[in-house]
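What follows is one structure encoded as C-alpha cells, with my remarks underneath.
Because only heavy atoms are used, hydrogens play no part in the values below, and waters and symmetry mates are left out as well, while side chains stay in.
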Amino acid sequence: MAFLMKSMLSNQVKNLGLGGGGEESKEEGTPSDPAAAAGMTREEYEEYQKQMVEEKMERDAAFAQKKAERAVLRVHLREKYRLPKSELDENQIQMAGDDVGLPEDLQKMVAEDQEEEEDKDSILGQLQNIQNMDMDAIKEKAQATFTEMKQAAEQKCSVM
C-alpha cells in the first residue's frame, strides 16, 4: 500500500514540475543536433553519414562475395564426392550473381587434386599401388575370410 501511495504522489509531483523528477532533467550545454554533438557542420555530418553508408555497402558486398565463393567450393566438393546438394549454398550463389567462381588459390588446389586422382586412376598409378601392397597380409586376410566362410557353410549344411 505504501508503494502505491509513493508512486502516485511522485508521479503527481513530477507532473507539477516541483523537482521530484531529477531523472528527466537535461544538461543545458548538450546540443540536440547530432552534427553539433560530433563537432561538425550539418553538411559535413551528412557527407560523413553518406560515406559510412557507402563503406557499409561495400563491406556487405565483399562479405556476400566471400560467402558465395565458399558456397561454390562446397558445391564443387559435394559434386566431387556425390553428396546431396544444399539449397542454402545455391541461394548464396544466386544472391551474389553470376560472377562467382573459385578463388585462384582454390582453383590451383582443385587442379592439383584432379591431377592426383587422374594419376591414381591410370594404369601406372595402379601398378604403383600394387608395389606398395603387403602381399603376406593380403594372403592371411584371404585365408581367414575363406575359413570363416567354410565354417559358416558347415554350420548351415548337414552334408559337409
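Annotation: side chain to side chain contact (heavy atoms under 4.5 Å, CB included) contacts of A68 (sequence neighbours excluded): A96, V100. A search for salt bridge (Lys or Arg N to Asp or Glu O under 4.0 Å) contacts involving R74 returns D89, not counting sequence neighbours. By the side chain to side chain contact (heavy atoms under 4.5 Å, CB included) test, K80 is found to be paired with D113, E117, residues two or more places apart in sequence or in another chain being considered.
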Got a list of side-chain donor-acceptor pairs under 3.5 Å for residues 44-51, not counting sequence neighbours?
from	atom 1	to	atom 2	distance (Å)
E44	OE1	T41	N	3.1
Y45	OH	Q49	NE2	3.2

Quiz: residues 60-67 side-chain donor-acceptor pairs under 3.5 angstrom, not counting sequence neighbours:
from	atom 1	to	atom 2	distance (Å)
D60	OD2	K56	NZ	3.1

Using distance only, find each side-chain donor-acceptor pair of residues 138-149 under 3.5 Å and give its atom names and separation, not counting sequence neighbours.
from	atom 1	to	atom 2	distance (Å)
T145	OG1	K141	O	2.8
T147	OG1	Q143	O	3.2
T147	OG1	A144	O	2.8

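Using a 4.5 Å heavy-atom threshold, the side chains of N91 and Q94 count as touching.
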task: Before giving the answer on side-chain contact (heavy atoms from CB on, under 4.5 Å), spell out for Q92 and M95 the whole-Å C-alpha distance, their side-chain angles and the decisive distance to 0.1 Å.
output: CA-CA 5 Å; Q92 286 178 349; M95 287 174 56; 5.5 Å; no
query: Taking it one step at a time, do L83 and L77 satisfy side-chain contact (heavy atoms from CB on, under 4.5 Å)?
result: CA-CA 8 Å; L83 297 173; L77 290 174; over 6 Å; no
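The hydrophobic cluster containing Y81 also contains V75, counting ILVMFWY residues as joined when their side-chain heavy atoms lie under 4.5 angstrom apart, directly or transitively.
Between the side chain of R78 and the main chain of K85, no donor-acceptor pair closer than 3.5 Å is present.
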